[in-house]
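Contents: one structure, followed by commentary.
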Amino acid sequence: MKPEILMMGPMMPHVEAALDEAYTVHRLFQADDADAMLAEAGPRIRGIATDGGKGAGADVMGRLPALEVVSCYGVGVDAIDLDHARGRGVTVTNTPDVLNDDVANMAVALVLATSRTLVANDAFVRQGRWLEGNPPLARAIRGRKVGILGLGRIGKDIAEKLGVFGCVIAYHGRSKQDVPYEYFDDLTAMAEAVDFLIAICPGGPSTNGIVNAQVLQALGPEGTFINVARGSVHDEAALVAALENGTLGMAGLDVFEAEPSVPEALLTMDNVILQPHQGSGTIETRRAMGDLVIENLRRHFAGEAVKTPVG
Ligand code: NAP
Ligand code: 8YV
């Protein structure tokens, strides 16, 4: 008898194929009546396959008395109720490290795209405005100061990459680390001191709205905010207001509070570059993330230690 698992949302084809081969998969997102599906199959379901957006709440996990493992396609597990899982001894796994390179590349791309006004200049050419003269000059990044909010696995990769571009790196987190970068124990103080603030910390209650109006004001009219972490990390209303009134110079955003909805006001601003949560969005990285989802479930059901448990 194959173990039965619940799939919260569509996954990559190779992941769905591998999971269908090894398990009886109940697709919650395809159920005409999710409640009826959970009532019928819930007692037999031993695993969940999910992603960072759909996560797994206590509402669903609470319907699965035989649940043993949650395998998340994504490193951020803020949408999984970890307290509920821990309280029941449910193993949670994620996909760390394999995505560092591409998520860091997205942060670097947003730093370059904002500093060199890439998107606005693209429109400038397409709209024929170049025929009337040159656009305003952009800004260099060599020698400019970058503050990283969350110097973890991805944050360190961003620091290393931007170091090669000649940026001066600082960071803020809850603890000082043994790294050759300036540490700020206060986020507002760091924002005041840097040209770019890059958020790459986890989402969740401890970071909810920490990039607030005060932090954005400290970053200032010449400053740029880049968010490749979670939309919950910034106060979106304060961010829109700061960009509108010039308190903040520019923003490069891969994540938003209510994805896939983006505040209307941001759509018409030319001092903002928007991405549809694609930090890890390359074929290569997404395949590696999918492979980890499969491998963690395989190991669990083979009675082996999972590869990448959430601590
Ligand atoms: P990580 O290695 O765990 O690093 C997280 C860092 O954040 C640590 O340096 C930690 O330092 C800091 N941090 C944690 N809580 C904090 C708080 N309350 N205030 C300030 N700093 C805090 O995680 P990672 O693998 O680099 O991933 C980071 C996050 O990136 C994920 O959780 C996810 O939300 C996001 N992400 C986004 C994308 C995307 O597509 N845009 C892709 C992958 C990941 P201290 O413990 O010292 O505070
Ligand atoms: C994923 C992410 O795209 O890893 C994360 O935390 O945000 C992204 O890599 C996301 O989890 C998939 O929904």
Side-chain angles (χ1 to χ4, degrees), residues 7-12 15 29 49-56 70-80 82 92-110 147-161 169-179 181 183-191 197-212 215 226-234 252-257 259-260 274-290 292-293 308-311:
M7 192 179 283
M8 300 294 286
M11 305 194 85
M12 291 183 79
V15 178
F29 57 104
T50 190
D51 63 34
K54 295 233 164 12
V70 177
S71 184
C72 179
Y73 173 84
V75 67
V77 288
D78 46 301
I80 297 176
L82 293 180
V92 177
T93 68
N94 64 349
T95 60
D97 292 317
V98 296
L99 40 59
N100 294 355
D101 189 44
D102 273 322
V103 181
N105 287 350
M106 175 62 84
V108 172
L110 288 171
I148 298 179
L149 163 56
L151 193 75
R153 291 169 292 232
I154 304 169
K156 288 191 177 76
D157 200 331
I158 295 171
E160 200 176 310
K161 285 174 164 147
I169 308 296
Y171 71 103
H172 167 72
R174 294 164 301 181
S175 46
K176 189 175 187 312
Q177 304 182 42
D178 185 16
V179 289
Y181 311 125
Y183 174 64
F184 285 84
D185 63 4
D186 182 77
L187 178 56
T188 308
M190 181 169 82
L197 172 62
I198 302 180
I200 186 60
C201 56
S206 80
T207 58
N208 198 23
I210 58 174
V211 178
N212 56 22
V215 170
I226 307 286
N227 193 351
V228 287
R230 284 288 181 267
S232 59
V233 172
H234 61 236
L253 306 172
D254 186 42
V255 289
F256 303 87
E257 270 179 17
E259 297 172 9
L274 307 170
Q275 289 293 301
H277 199 147
Q278 288 298 300
S280 66
T282 66
I283 291 168
E284 295 80 1
T285 287
R286 290 287 174 85
R287 174 163 277 278
M289 291 162 63
L292 257 182
V293 168
T308 49
V310 173

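In each ligand, atom 1 is the first atom listed, and ligand 1 is the first ligand listed.
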If you have a sec, work out which protein heavy atom is nearest atom 5 (C) of ligand 2 and how many Å separate them, to one decimal? V75 N, 3.4 Å

Within the side chain of K54, is there an N or O that forms a donor-acceptor pair under 3.5 Å with the backbone of P10? no

Donor-acceptor check, side chain of D254 to backbone of Q278, threshold 3.5 angstrom: yes or no? yes

Please indicate whether any nitrogen or oxygen in G152 is less than 3.5 Å from any nitrogen or oxygen in ligand 1. yes

Under 4.5 Å between any side-chain heavy atoms of T285 and D101, yes or no? no

Atom 28 (C) of ligand 1: nearest protein contact (heavy atom, Å): I200 O, 3.4 Å

Any idea which atoms of ligand 2 are less than 4.0 Å away from a heavy-atom of G53? 13 (O)

With the side chain counted from C-beta on, respond yes when V211 and L149 share a heavy-atom pair under 4.5 Å apart, and no when they do not. yes

If you measure every N/O of G74 against every N/O of ligand 2, is any gap under 3.5 Å? no

R230 heavy atoms, cut-off 4.0 Å: which ligand 2 atoms fall inside? 2 (C), 5 (C), 6 (O), 7 (O)

Quick one: which ligand 2 atoms are inside 4.0 Å of a heavy atom on S280? 1 (C), 3 (O), 8 (C), 9 (O)

Check whether more than 12 heavy atoms from other residues, nucleotides or ligands sit under 6.0 Å from atom CD of E160, and answer yes or no. no

Full working for side-chain contact (heavy atoms from CB on, under 4.5 Å) between K161 and N105: CA-CA 8 Å; K161 285 174 164 147; N105 287 350; 3.0 Å; yes

I'd like to check which ligand 1 atoms, numbered from 1 as shown, lie under 4.0 Å from a non-hydrogen atom of S280. 40 (O)

Could you identify the single nearest non-hydrogen protein atom to atom 19 (N) of ligand 1 and state the distance to 0.1 Å? R174 CG, 3.9 Å

L151 neighbourhood, listing ligand 1 atoms whose heavy-atom distance to it stays under 4.0 Å: 9 (O)

If the cut-off is 4.0 Å to any non-hydrogen atom of T207, which atoms of ligand 1 fall inside it? 16 (C), 17 (C), 18 (N)

Rounded at 0.5 Å granularity, tell me how far CD1 in I226 sits from CG in L253. 7.5 Å

Could you say whether the N/O atoms of T95 and ligand 2 ever approach to under 3.5 Å? no

Which of the numbered atoms in ligand 2 are below 4.0 angstrom from a heavy atom of L99? 4 (O), 9 (O)

Within a distance under 4.0 Å of any heavy atom of C201, pick out the atoms of ligand 1 and give their elements. 7 (O), 29 (C), 34 (O)

For atom 2 (O) of ligand 1, what's the nearest protein heavy-atom neighbour? Residue, atom name and distance, please. R153 N, 2.9 Å

For ligand 2, indicate whether the residue H277 contacts it via side chain, backbone, both or neither (heavy-atom separation under 4.0 Å). side chain

Quick one: look at I154 and ligand 1, take heavy-atom pairs under 4.0 Å, and tell me if it's side chain, backbone, both or neither. both

For Q177 and L151, indicate whether the former's side chain and the latter's backbone hold a donor-acceptor pair under 3.5 Å. yes

Any chance you could measure K156, atom NZ, to Y181, atom OH, to the nearest 0.5 Å? 9.0 Å

Measure from the side-chain N and O atoms of N100 to the backbone N and O of V103, and report whether any donor-acceptor pair falls under 3.5 Å. no

Heavy atoms only: which of R230, M106, Q275 lies closest to atom 33 (C) of ligand 1? R230

Which atoms of ligand 2 are found less than 4.0 Å from any heavy atom of G76? 4 (O), 5 (C), 6 (O)

Between D254 and ligand 1, does any nitrogen or oxygen pair lie at a separation below 3.5 Å? yes

Under 3.5 Å: donor-acceptor pair, side chain of D102, backbone of S280: no

How close does the nearest protein non-hydrogen atom get to atom 32 (O) of ligand 1, and which residue and atom is it? P202 CA, 3.3 Å

Against ligand 1, does P96 come closer than 4.0 Å with any heavy atom? no

How many angstroms lie between CE in M289 and SG in C72, if you round to the nearest 0.5 Å? 8.0 Å

Hey, could you give me the CD1/CE distance between I158 and M106, rounded to the nearest 0.5 Å? 11.0 Å

When you check the gap from the basic side-chain N to the acidic O, do D157 and R153 get nearer than 4.0 Å? no

Do side-chain atoms of T207 reach the backbone of P202 as a donor and acceptor pair under 3.5 angstrom? yes

Which heavy atom of the protein is the closest neighbour of atom 13 (O) of ligand 2, given with residue, atom name and distance? G52 N, 3.4 Å

Quick one: look up the protein heavy atom nearest atom 44 (C) of ligand 1 and list residue, atom name and how far away it is. V75 CG1, 3.3 Å

With backbone taken as N, CA, C and O and side chain as the heavy atoms from C-beta onward, which portion of S206 lies under 4.0 Å from ligand 1: side chain, backbone, both, or neither? both

Can you tell me the protein heavy atom closest to atom 39 (C) of ligand 1 and the distance? H277 NE2, 3.5 Å

In the protein, what heavy atom is nearest to atom 21 (N) of ligand 1, and what distance, to one decimal place, separates them? G173 CA, 3.5 Å

Give the residue, atom name and distance (to 0.1 Å) of the protein heavy atom nearest atom 3 (O) of ligand 2. R286 NH2, 3.2 Å

Is a side-chain donor or acceptor of S71 paired with a backbone partner of V293 at a separation under 3.5 angstrom? yes

Protein contact to atom 37 (C) of ligand 1 [nearest heavy atom, distance to 0.1 Å]: V228 O, 3.0 Å

How are the rings of Y183 and Y171 set to each other: parallel, tilted or perpendicular (split at 30° and 60°)? tilted

the protein heavy atom lying closest to atom 10 (C) of ligand 2 turns out to be Y73 O, 4.0 Å

Show which atoms of ligand 2 fall inside a sub-4.0 Å distance from at least one heavy-atom site of M289. 9 (O)

Can you tell me how far CG of N208 sits from NE2 of H234, rounded to the nearest 0.5 angstrom? 10.5 Å

